[in-house]
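What follows is a short report on a single structure.
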Amino acid sequence: QVQLVESGGGLVQPGASLRLSCAVSGSRVSVSGMGWYRQAPGRQREMVATIATNGMPEYADSVKDRFIISRVVVENTVYLDMNNLEPEDTAVYYCHKLMSDYWGQGTQVTVSS
């Protein structure tokens with residue numbers, strides 16, 4: 001059974017930084033493509049960043065140069081470092097094992113002054 005548990009969300013001011021964590025069990029991040037997605041109220045869920053099995057990252061244009069996805073194999077954890085946050089980044093952020101039906105429960109990120 002694969003489980004994805006996100007943490008690290010919160011309420012921050014514009015320009016601040018946050019680190020989201022996705023602790024994975026039942027699957028190894030070293031051999032699984034992983035991704036972060038987000039869903040804002042009234043909008044469809046969208047891809048934020050993915051990291052392939054070879055470690056190659058991809059980013060949505062809206063977060064390129066601000067967000068960094070990474071993984072720590074020994075921790076079996078995927079991270080999303082979010083810098084220079086904007087109000088438009090407000091959403092529930094989900095961790096996802098690519099090419100599967102496995103999603104985390106989501107963590108709320110709110111960017112507001």
Side-chain angles (χ1 to χ4, degrees):
Q1 181 74 12
V2 176
Q3 287 191 316
L4 311 174
V5 180
E6 302 101 333
S7 60
L11 170 63
V12 297
Q13 293 188 336
S17 298
L18 274 178
R19 168 176 261 204
L20 304 184
S21 302
C22 173
V24 181
S25 59
S27 180
R28 292 184 293 156
V29 299
S30 58
V31 296
S32 303
M34 300 294 300
W36 286 96
Y37 290 70
R38 68 186 180 187
Q39 188 166 18
R43 301 189 66 174
Q44 288 191 329
R45 192 172 296 187
E46 63 176 359
M47 186 275 287
V48 175
T50 62
I51 185 164
T53 53
N54 64 2
M56 184 69 67
E58 287 192 10
Y59 299 95
D61 288 343
S62 58
V63 306
K64 210 171 287 186
D65 299 326
R66 298 190 297 124
F67 290 10
I68 300 173
I69 187 170
S70 62
R71 65 186 181 189
V72 177
V73 173
V74 295
E75 297 175 358
N76 216 37
T77 299
V78 180
Y79 295 97
L80 184 68
D81 288 292
M82 306 186 294
N83 301 302
N84 193 20
L85 282 160
E86 303 169 351
E88 293 73 22
D89 296 317
T90 295
V92 178
Y93 284 71
Y94 298 91
C95 181
H96 173 51
K97 181 176 184 293
L98 303 183
M99 307 296 287
S100 82
D101 294 328
Y102 295 111
W103 294 84
Q105 82 287 354
T107 185
Q108 176 72 46
V109 172
T110 302
V111 185
S112 175
S113 54

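Only a predicted model underlies this, so the values are computations on that prediction, with no experimental measurement involved.
- Heavy-atom minimum distance, G9 versus T107: N-OG1, 3.2 Å.
- Remark: the backbone N or O of V5 is not paired with any side-chain donor or acceptor of Q105 at under 3.5 angstrom.
- Looking at R28, its side chain never comes within 3.5 Å of a backbone N or O of V73 through a donor-acceptor pair.
- With contacts defined as side-chain heavy-atom distances shorter than 4.5 Å, the pair Q44/Q39 does not qualify.
- Cluster membership for Y79 and F67, using ILVMFWY side-chain heavy atoms within less than 4.5 angstrom, is not shared.
- Closest approach of S27 to K97, counting heavy atoms only: OG-CE, 2.9 Å.
- Looking at every heavy atom in both residues, M34 comes nearest to I69 through O-CD1, 4.2 Å.
- Looking at heavy atoms from C-beta onward, T77 lies out of side-chain contact with V29 at the 4.5 angstrom threshold.
- Between the D81 side chain and the R19 main chain, no donor and acceptor come within less than 3.5 Å of each other.
- I68 is connected to V63 through a chain of hydrophobic side-chain contacts under 4.5 Å among Ile, Leu, Val, Met, Phe, Trp and Tyr, so both are in one cluster.
- When all heavy atoms of S17 and N83 are compared, the closest pair comes out as OG-OD1, 3.1 Å.
- Annotation: E46, atom CD; neighbour count of heavy atoms from other residues, nucleotides and ligands within 6.0 Å is above 12.
- To the nearest 0.5 angstrom, E88 atom CD is 9.5 Å from S62 atom OG.
- For the pair H96 and M99, the tightest heavy-atom approach, listed with the atom from each and the gap, is NE2-N, 4.3 Å.
- When the side chains of ILVMFWY residues are joined at heavy-atom separations under 4.5 Å, either directly or via intervening members, Y102 and V24 end up in a single hydrophobic cluster.
- If you chain together hydrophobic residues whose side chains sit under 4.5 Å apart, M47 and L85 never meet in one group.
- Across all non-hydrogen atoms, the minimal contact from C22 to W36 is CB-CZ2, 3.6 Å.
- Using a 4.5 Å heavy-atom threshold, the side chains of V109 and R38 count as separate.
- When hydrophobic clusters are built by joining Ile, Leu, Val, Met, Phe, Trp and Tyr residues whose side-chain heavy atoms come closer than 4.5 Å, directly or via intermediates, V92 is not grouped with M82.
- To the nearest 0.5 Å, atom CH2 of residue W103 and atom OH of residue Y37 are 5.5 Å apart.
- Side-chain contact between N76 and S25 is absent, with no heavy atoms from C-beta onward closer than 4.5 Å.
- Side-chain atoms of Q13 never come within 3.5 Å of backbone atoms of S113 as a donor-acceptor pair (strictly under, hydrogens ignored).
- Note that the OH atom of Y93 and the CG atom of L80 stand 7.5 Å from one another [nearest 0.5 Å].
- Not one N or O on the side chain of T110 forms a donor-acceptor pair closer than 3.5 Å with the backbone of T90.
- Between the CG atom of L4 and the OG atom of S100 there is a distance of 7.0 Å, given to the nearest 0.5 Å.
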